[in-house]
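Data block below; observations after.
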Amino acid sequence: VCKTGPWGQGPVLLQNLSLLRDIDIAAMGPLSPDFVHVVVEAMKLSYADREAWYGDPDFVEVPMDDLLSPDYAAARRALIGDRASLELRPGAPGGRQPHLPDYVVEGRTVTPAAAGAGEPTVARYGSTDDEPGTRPDGSTAGDTCHLDIIDRWGNMVSATPSGGWLQSSPYIPQLGFCLGSRGQMFWLEEGLPASLAPGKRPRTTLTPS
């Protein structure tokens with residue numbers, strides 16, 4: 001499995017696979033509570049590591065060898081218990097101590113999630129005007145949108161403009177648009193692996209395989 005580097009969240013999948021390697025999830029059934037519990041708990045641990053360690057490797061040391069090592073995975077796997085964890089629990093690869101943003105206090109996030117966070121592109125259910133429609137029960141459906149445009153001179157643009165929505169992204173008054181949802185994974189707080197800096201790739205959600 002080939003993923004992008006830790007400037008994005010690509011290696012999270014590799015960490016998940018490493019964590020689950022010695023768990024017989026095939027015997028659980030993909031819709032069983034045990035399967036969902038184990039996979040979700042493994043994902044929590046991997047995403048906690050992303051928060052503490054991932055950033056542009058041209059600017060910060062990302063201990064990928066340790067994060068993907070069998071010994072590290074075994075130690076992290078031991079944290080998966082019978083009950084769901086409510087804590088953000090990054091590991092200490094190679095003995096390094098994680099550095100989390102100030103919004104984390106004693107392993108718990110202290111800022112609430114933004115209202116309406118998620119994919120806000122919606123389908124139309126019988127609307128005749130320009131506003132997205134809804135089903136009679138109020139539900140909507142949506143997904144990522146993508147555009148490929150080539151003009152007659154051969155200029156090409158490939159864009160996935162998902163995000164930048166008022167209900168889930170900060171509005172930038174001086175510029176007149178919203179911050180892209182895919183670019184909400186970096187920090188303006190200094191000293192973190194994903195802190196924004198000149199010439200440094202901002203951490204993104206992109207994770208092609």
Side-chain angles (χ1 to χ4, degrees), residues 1-55 62-94 96 98 100-101 103-104 106-123 135 137-146 160 162-163 168 181-182 184-185 193-194 203-209:
V1 178
C2 297
K3 299 296 294 182
T4 51
W7 56 268
Q9 65 179 7
V12 166
L13 176 59
L14 303 180
Q15 286 196 247
N16 287 340
L17 294 175
S18 184
L19 279 168
L20 296 169
R21 184 191 306 269
D22 291 336
I23 300 176
D24 190 8
I25 58 174
M28 298 176 183
L31 298 180
S32 69
D34 288 341
F35 177 92
V36 173
H37 170 74
V38 169
V39 171
V40 169
E41 292 303 298
M43 292 175 68
K44 290 178 186 177
L45 294 171
S46 299
Y47 281 115
D49 279 341
R50 177 201 69 185
E51 196 56 63
W53 299 109
Y54 288 20
V62 185
M64 284 312 312
D65 288 343
D66 290 319
L67 289 169
L68 296 176
S69 72
D71 289 343
Y72 182 76
R76 301 287 278 160
R77 190 181 304 116
L79 297 175
I80 300 176
D82 294 332
R83 298 183 64 84
S85 171
L86 301 180
E87 297 181 357
L88 185 68
R89 300 182 291 176
R96 303 169 184 84
L100 293 170
Y103 87 109
V104 176
E106 295 180 354
R108 295 179 182 271
T109 56
V110 295
T111 52
E119 285 288 359
T121 38
V122 294
R135 289 193 172 116
D137 65 2
S139 65
T140 61
D143 204 342
T144 294
C145 50
H146 180 82
T160 305
S162 301
S168 63
S181 295
R182 301 299 180 192
Q184 291 186 10
M185 290 174 54
R203 197 173 63 187
T204 75
T205 64
L206 302 176
T207 177
S209 302

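In this view, Val40 and Val36, Lys44 satisfy the side chain to side chain contact (heavy atoms under 4.5 Å, CB included) rule, not counting sequence neighbours. Contacts of Val39 classified as side chain to side chain contact (heavy atoms under 4.5 Å, CB included), with partners at least two apart in sequence or in another chain: Leu20, Phe35, Met43. Considering only residues two or more places apart in sequence or on other chains, Lys3 meets the salt bridge (Lys or Arg N to Asp or Glu O under 4.0 Å) condition with none of them. Residues satisfying the side-chain hydrogen bond (donor to acceptor under 3.5 Å, both in side chains) criterion with Ser85, sequence neighbours excluded, are Arg89. With sequence neighbours excluded, no residue satisfies salt bridge (Lys or Arg N to Asp or Glu O under 4.0 Å) with Arg21. Taking the side chain to side chain contact (heavy atoms under 4.5 Å, CB included) definition, one finds that Pro6 meets it with Pro11, Tyr54, Pro57, Val62, Met64, sequence neighbours left out. Residues meeting the side chain to side chain contact (heavy atoms under 4.5 Å, CB included) test with Leu17, sequence neighbours left out: Val1, Leu13.
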- Item | Derivation of the side-chain contact (heavy atoms from CB on, under 4.5 Å) call for Ile25 and Val38 | CA-CA 8 Å; Ile25 58 174; Val38 169; 4.3 Å; yes
Quiz item: Are Leu45 and Gln15 close enough, and set up right, to give a side-chain contact (heavy atoms from CB on, under 4.5 Å), and what steps lead you there?
Solution: CA-CA 9 Å; Leu45 294 171; Gln15 286 196 247; over 6 Å; no
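Under the 3.5 Å distance criterion, the side-chain polar atoms of Arg96 are left unmatched by any main-chain donor or acceptor of Pro63. A donor-acceptor pair is defined here as one N or O able to donate and one able to accept, closer than 3.5 Å; no such pair exists between the side chain of His37 and the backbone of Ser32.
When all heavy atoms of Ala52 and Pro90 are compared, the closest pair comes out as CB-CB, 3.6 Å. The two residues Asp66 and Pro93 make their nearest non-hydrogen contact at CB-CB, 3.6 Å. Taking every heavy atom of both residues into account, Gly10 and Thr4 meet most closely at CA-OG1, 3.5 Å.
Pairs engaging residues 22-40 under the salt bridge (charged side-chain N to carboxylate O under 4.0 Å, His left out) rule: Asp22-Arg77 [sequence neighbours left out].
To the nearest 0.5 angstrom, Ile23 atom CD1 is 6.5 Å from Met28 atom CE. Between atom CZ of residue Arg76 and atom CD of residue Glu41 there is a gap of 11.5 Å, rounded to the nearest 0.5 Å.
Side-chain contact check for Tyr72 versus Asp49: some heavy-atom pair is nearer than 4.5 Å.
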